[in-house]
Amino acid sequence: MRRRTLALATASGAALLAAAAFPATAQPSAHGATTTAAKGAGVQEGTVSAADLLAKLKDCSQLSHGKYRTDEETSATVPVCGKNGAVFWKADMDIDCDGQTTSKCNADTDPWYQDDTAFPQSNGQPLNAEKLPYVVVPSSSGIWNYASAGIKGGGVVAVIYDNKVEYAVVGDTGPDKIIGEASYATAKGLGIDPDPETGGVDTGVTYLLFKNSKASPIESHSDAVSRGDALAKKFLRDN
């Protein structure tokens, strides 16, 4: 449930000067990450390939009434698109560390940290961003209402990046005009720098959310993977 601002994104005057030195094609994101941000190997989950899913996501039938920004200071360029049984968008990835306080996700490591998530675990506690891959959806607004599109807390998501697929759940909500955010664990699983202050990537991430799906319990990543693999296969058949 982060509220990003350009002022928070740049921690010092030196950082602002450094950003100004970047060429236009390599501007840093709100957290200072560029499209060449350090990334690891990552993992491939399930049996459906990134290429097969992306082949079905070349065209956008826009569902949203307008478009989203990827960060507060950027222009609105990202639509929410519809497919049979799913919605998707292509954006950046900012890192959400909200939820349970852990060694990687806390007020010291994340200037925007909040100790809660919009959708809790089955025991009522917040989700664990360090351990659980989850995705942030924009809060409902005149642009788009995720709930009316069949998207719910715990809904299964295929996150695609760098020819890899990772399954996650809808775990948190964010600003109503900004899109493109996922948990520390999501980024780490895809080989993206998960640092909540300096990590993430500026582009190249596809979020495919399956309608009327739900991992049970929401904190079970293994359940999200098994359901996600089955849903991805069905998605390929239906689109």
Under 3.5 Å, which donor-acceptor pairs link side chains of residues 77-87 to any protein atom two or more places apart or in another chain?
from	atom 1	to	atom 2	distance (Å)
K83	NZ	K56	O	3.0
N84	ND2	D238	O	2.9

Q) So if you build clusters from Ile, Leu, Val, Met, Phe, Trp, Tyr with side-chain heavy-atom gaps below 4.5 Å, do I178 and F88 land together? A) no
**Q.** Hydrophobic cluster membership, V159 vs V137, 4.5 Å side-chain cutoff
**A.** yes
Sequence neighbours excluded, which residues qualify as salt bridge (Lys or Arg N to Asp or Glu O under 4.0 Å) partners of [X]?
X: K177; result: none
X: D115; result: none
X: R227; result: D223

Could I get the full list of side chain to side chain donor-acceptor pair (under 3.5 Å) partners for [X], not counting sequence neighbours?
X: S216; answer: none
X: D52; answer: S49
X: S220; answer: S222
X: N145; answer: S140

Q.
Test: ring pair (Phe, Tyr, Trp, His ring centres under 6.0 Å). Region: residues 217-239. Which pairs qualify, not counting sequence neighbours?
A. none
Q: May I have all residue pairs that pass ring pair (Phe, Tyr, Trp, His ring centres under 6.0 Å) and include part of residues 162-204, sequence neighbours excluded?
A: none
(Q) So, using ring pair (Phe, Tyr, Trp, His ring centres under 6.0 Å) as the criterion, who are the partners of Y207 when residues are at least two apart? (A) W89
Q: If a pair satisfies disulfide bond (SG atoms under 2.5 Å apart) and one of its residues is in residues 199-239, list it, with sequence neighbours excluded.
A: none
Q) Are the side chain of Q114 and the backbone N or O of D116 linked by a donor-acceptor pair below 3.5 Å? A) no
